[in-house]
Peer 1: 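Structure in C-alpha cells, see below.
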Amino acid sequence: MKNLPGALLLSLALTAPAFAADPTLRERSESVPAAPYLLPGAPTFDMTIGQFRERYNAANADLPLMEYRAIDNRNDSSRLTRAASKISETLYASTALEQGTGKVKTLQLTWLPVPGPDQKASQEKALAYMTALLRFFVPGLSPDEARQKLNALLSEGKGARYFSHTEGALRFVVANNGDKGLTFAVEPIKLALPPADQGGKNDEKQSH
C-alpha cells in the first residue's frame with residue numbers, strides 16, 4: 001500500500017510511553033518514547049487481523065472494514081508486520097501484527113480532519129467507526145453508552161499527543177495531533193495475578 005498520508009504512517013508507529021509502574025494508572029505525556037505494543041514480550045489479542053475483520057464486519061455491516069494490506073516497512077526494526085485499510089479519503093484503519101503468528105498487537109483508526117464543507121460529516125463517520133471498535137471489545141455497552149465512553153476518552157486526550165486509559169485487559173489510546181490527525185486505538189495488556197498468601201491462595205483484596 002503506497003502513498004499513505006503521513007499522519008497514518010505516524011499512527012502506525014504510535015509513539016507512546018512505556019508501561020507505567022502501575023498499569024492500571026492513566027498515562028498522559030508530551031514526551032513519547034516507544035509505544036507499549038513495540039516492547040519485547042508485549043501481548044497480542046488472540047486473533048489474526050483476518051479473524052478480527054470477519055467478526056467485526058459481521059457485527060457492523062453498516063460500518064465495514066475492507067481488507068488490510070501490508071505496508072512496506074523494510075526500515076522498521078520492530079519486527080512487526082504493519083497493515084492498513086482505507087475506509088475513506090479521511091479515515092484509515094491500521095494494525096501491527098506479531099510476525100510468525102499474525103496475531104494483532106494494536107488496532108487503530110486515524111481520522112484526517114481536512115477543512116471544508118464535508119469535515120463535519122467525515123468526523124461523524126470517524127466517530128461512528130471508533131464507537132463500533134470500542135463496542136466490539138466492550139460488547140456489553142449499548143451504542144449510546146459506547147459513544148459516551150468514546151467521547152470521554154477523546155475529551156481526556158484532547159490536546160495531548162498521547163493519552164491512554166487501562167480498563168481490565170484493554171488499553172484505550174488517544175493520539176491527538178490536531179490538524180494532522182486523530183488516532184484512537186485499542187490494545188491488549190498483560191494482567192498480573194495478585195500475590196499468593198501463605199496458603200497458596202490469591203488474596204482477593206489485592207485485586208481491588
Side-chain angles (χ1 to χ4, degrees), residues 1-5 7-9 11-14 35-38 41-73 76 78-112 121-150 153-154 164-175 181-191:
M1 180 175 283
K2 298 180 180 179
N3 300 323
L4 288 174
L8 175 62
L9 295 177
S11 79
L12 287 169
L14 188 59
Y37 72 82
L38 294 172
T44 64
F45 288 117
D46 191 22
M47 58 183 171
T48 65
I49 193 61
Q51 291 169 333
F52 161 72
R53 182 173 162 265
E54 180 180 5
R55 297 171 193 171
Y56 170 91
N57 283 347
N60 298 281
D62 56 336
L63 297 168
L65 290 172
M66 300 299 105
E67 182 179 358
Y68 284 74
R69 298 185 180 277
I71 295 172
D72 183 357
N73 59 346
D76 187 348
S78 68
R79 294 192 173 184
L80 297 176
T81 299
R82 302 183 188 277
S85 173
K86 181 179 177 180
I87 299 170
S88 72
E89 293 299 326
T90 59
L91 184 61
Y92 291 80
S94 56
T95 187
L97 311 173
E98 182 178 60
Q99 287 191 347
T101 68
K103 290 185 176 180
V104 175
K105 282 184 171 284
T106 180
L107 289 162
Q108 304 178 9
L109 288 166
T110 297
W111 174 57
L112 307 175
S122 73
Q123 180 182 30
E124 183 55 37
K125 185 173 184 177
L127 293 175
Y129 268 89
M130 291 176 184
T131 300
L133 179 62
L134 190 157
R135 195 163 177 242
F136 178 88
F137 287 98
V138 191
L141 296 178
S142 69
D144 286 344
E145 289 171 337
R147 184 58 172 268
Q148 291 173 8
K149 187 177 185 67
L150 174 68
L153 290 168
L154 295 180
S164 80
H165 172 64
T166 297
E167 192 169 303
L170 298 172
R171 179 191 300 108
F172 300 109
V173 177
V174 175
L182 169 68
T183 294
F184 174 68
V186 182
E187 300 168 3
I189 65 168
K190 288 181 178 179
L191 291 178

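FYI, side chains are in, hydrogens and waters are out, and symmetry mates aren't considered; it's all heavy atoms of this structure. Count residues from 1 along the sequence.
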Peer 1: I need the minimum non-hydrogen distance between A96 and L80, along with the two atoms involved.
Peer 2: CB-CD1, 4.0 Å

Peer 1: Flag the pair L97 / Y68 as yes when at least one side-chain heavy-atom distance between them is below 4.5 Å, and no otherwise.
Peer 2: no

Peer 1: How long is the gap from NZ on K125 to OG1 on T90, to the nearest 0.5 Å?
Peer 2: 7.5 Å

Peer 1: In the structure I gave you, are the side-chain heavy atoms of L127 and W111 within less than 4.5 Å of one another anywhere?
Peer 2: no

Peer 1: Mind listing the closest non-hydrogen atom pair of A93 and L65 along with its distance?
Peer 2: CB-CD2, 3.9 Å

Peer 1: With a 4.5 Å heavy-atom cut-off, do Y37 and V104 have their side chains touching?
Peer 2: no

Peer 1: Looking at every heavy atom in both I189 and G168, which two are closest together, and how far apart are they?
Peer 2: CD1-O, 3.2 Å

Peer 1: Indicate the ring-plane relationship of Y129 and Y56, choosing parallel, tilted or perpendicular according to the 30° and 60° boundaries.
Peer 2: parallel

Peer 1: Can you tell me how far apart CD1 (I49) and CZ (R53) are? Round to the nearest 0.5 Å.
Peer 2: 9.0 Å

Peer 1: Is it true that R171 and E187 make a salt bridge, defined as a side-chain N closer than 4.0 Å to a carboxylate O?
Peer 2: yes

Peer 1: With a 4.5 Å heavy-atom cut-off, do L107 and F137 have their side chains touching?
Peer 2: yes

Peer 1: For the residue pair K105 and P188, what are the closest heavy atoms and their distance?
Peer 2: O-CD, 3.2 Å

Peer 1: Which distance, rounded to the nearest 0.5 Å, do you find between the CG of L91 and the CE of M130?
Peer 2: 6.5 Å

Peer 1: Any side-chain heavy atom of V173 sitting closer than 4.5 Å to one from T106?
Peer 2: no

Peer 1: Could you pull out the closest heavy-atom pair between G140 and E145, with the gap in Å?
Peer 2: O-OE1, 4.1 Å

Peer 1: Got more than 12 heavy atoms from elsewhere within 6.0 Å of CD, Q51?
Peer 2: yes

Peer 1: Pick from V138, V186, N60: which one makes a side chain to side chain contact (heavy atoms under 4.5 Å, CB included) with L133?
Peer 2: V186

Peer 1: Do you know the tightest heavy-atom contact between G181 and L112?
Peer 2: CA-CD2, 4.3 Å

Peer 1: Taking atom OG1 of T81 and atom CD of E98, what is their separation to the nearest 0.5 Å?
Peer 2: 9.5 Å

Peer 1: Considering only heavy atoms from C-beta outward, does the side chain of R82 approach that of S94 to under 4.5 Å?
Peer 2: no

Peer 1: Does a side-chain heavy-atom distance below 4.5 Å link L63 with T131?
Peer 2: no

Peer 1: To the nearest 0.5 Å, tell me how far T110 OG1 sits from F184 CZ.
Peer 2: 11.5 Å

Peer 1: Distance check, rounded to the nearest 0.5 Å: F52 atom CZ versus N57 atom CG?
Peer 2: 8.0 Å

Peer 1: Would you check, one step at a time, whether the test side chain to side chain contact (heavy atoms under 4.5 Å, CB included) holds for I87 with M66?
Peer 2: CA-CA 7 Å; I87 299 170; M66 300 299 105; over 6 Å; no

